[in-house]
Amino acid sequence: MTMPQGRLTDGSGNNNPVTKVVCVGRNYAEHATELNNPVPSHPLVFIKPPSAVAELETGVTLPERDEPVHYETELALLIGQRLSHASEDDVDDAVIGLGLALDLTLRETQSRLKQEGHPWEIAKAFDGACPLSAFIPRHQFPATWRFQFSLHINGEPCQHGDTAQMLKPIPALVSYMSEHFTLAPGDVVLTGTPAGVGKLAPGDALTLTLEDRLSIETTVS
Ligand code: ZN
């Protein structure tokens, strides 16, 4: 397969493949509660492989499974420098783009595997499980890590994220991830989903926004 790349909207700078997408579960307390999960004491980190990456703008293709696929709308970070045991300052310097992602999830499979005490990769890391937008260059945003993002489905508001509500703020989160996995230039970090997750159906029209910088209309098939 060709390795996917994080696309920067101004065409600048990133010629590196996505070698992995590092994700966090339950980084917003209200989302943990809606699934009856305890709020974790440490970030619950997992990885999606390059084969999970798809282009969000061209449509979301649901996998052929006999169970519903859930959306989780998340702020995505494009990494531009190698990070290993990184400080929060290192993280500040290393993020070169901000975008949006859907962390697609087979919730029934995930719940079953969790109950059985097994890893839940097949519920989160399947082909196409990570539709990714193009990335807006980091310098086009204010230097803070405070961002708002949203998902509408068929015109109805479904999710609203405010990074101020994160249990682990972005610099601390990425620093923690880098203690476990070296992040390479081109890698992507998903920062967790706010409350409001639910099912996708073929034909759904999705609108995703990040501040007033990014607005994506896409459809589910
Ligand atoms: Zn997620």
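All residue numbers refer to positions in the sequence shown, counting from 1. Note that ligands are numbered from 1 as they come in the structure, with each ligand's atoms numbered from 1 the same way.
- E108 and R65 are not joined by a salt bridge, as no carboxylate oxygen comes within less than 4.0 angstrom of a charged side-chain nitrogen.
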Contacts under 3.5 angstrom, residues 195-208 side chains, donor-acceptor by atom type, not counting sequence neighbours:
{"unit_1": "D204", "atom_1": "OD1", "unit_2": "N154", "atom_2": "ND2", "d": "3.1"}
{"unit_1": "D204", "atom_1": "OD2", "unit_2": "A201", "atom_2": "N", "d": "2.8"}

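- Taking the six-membered ring where tryptophan is involved, the planes of Y176 and H180 are tilted, since the angle between them lies from 30° to 60°.
- In the model, T209 has a side-chain atom that pairs as donor or acceptor with a side-chain atom of S150 under 3.5 Å.
- In this structure, a donor-acceptor pair under 3.5 Å is absent between the side chains of S87 and D89.
- Around the Zn ion (ligand 1), protein atoms of type N, O or S found under 2.8 Å number 3.
- Judged purely by distance below 3.5 Å, without hydrogens or angles, the side chains of R107 and Q110 pair a donor atom with an acceptor atom.
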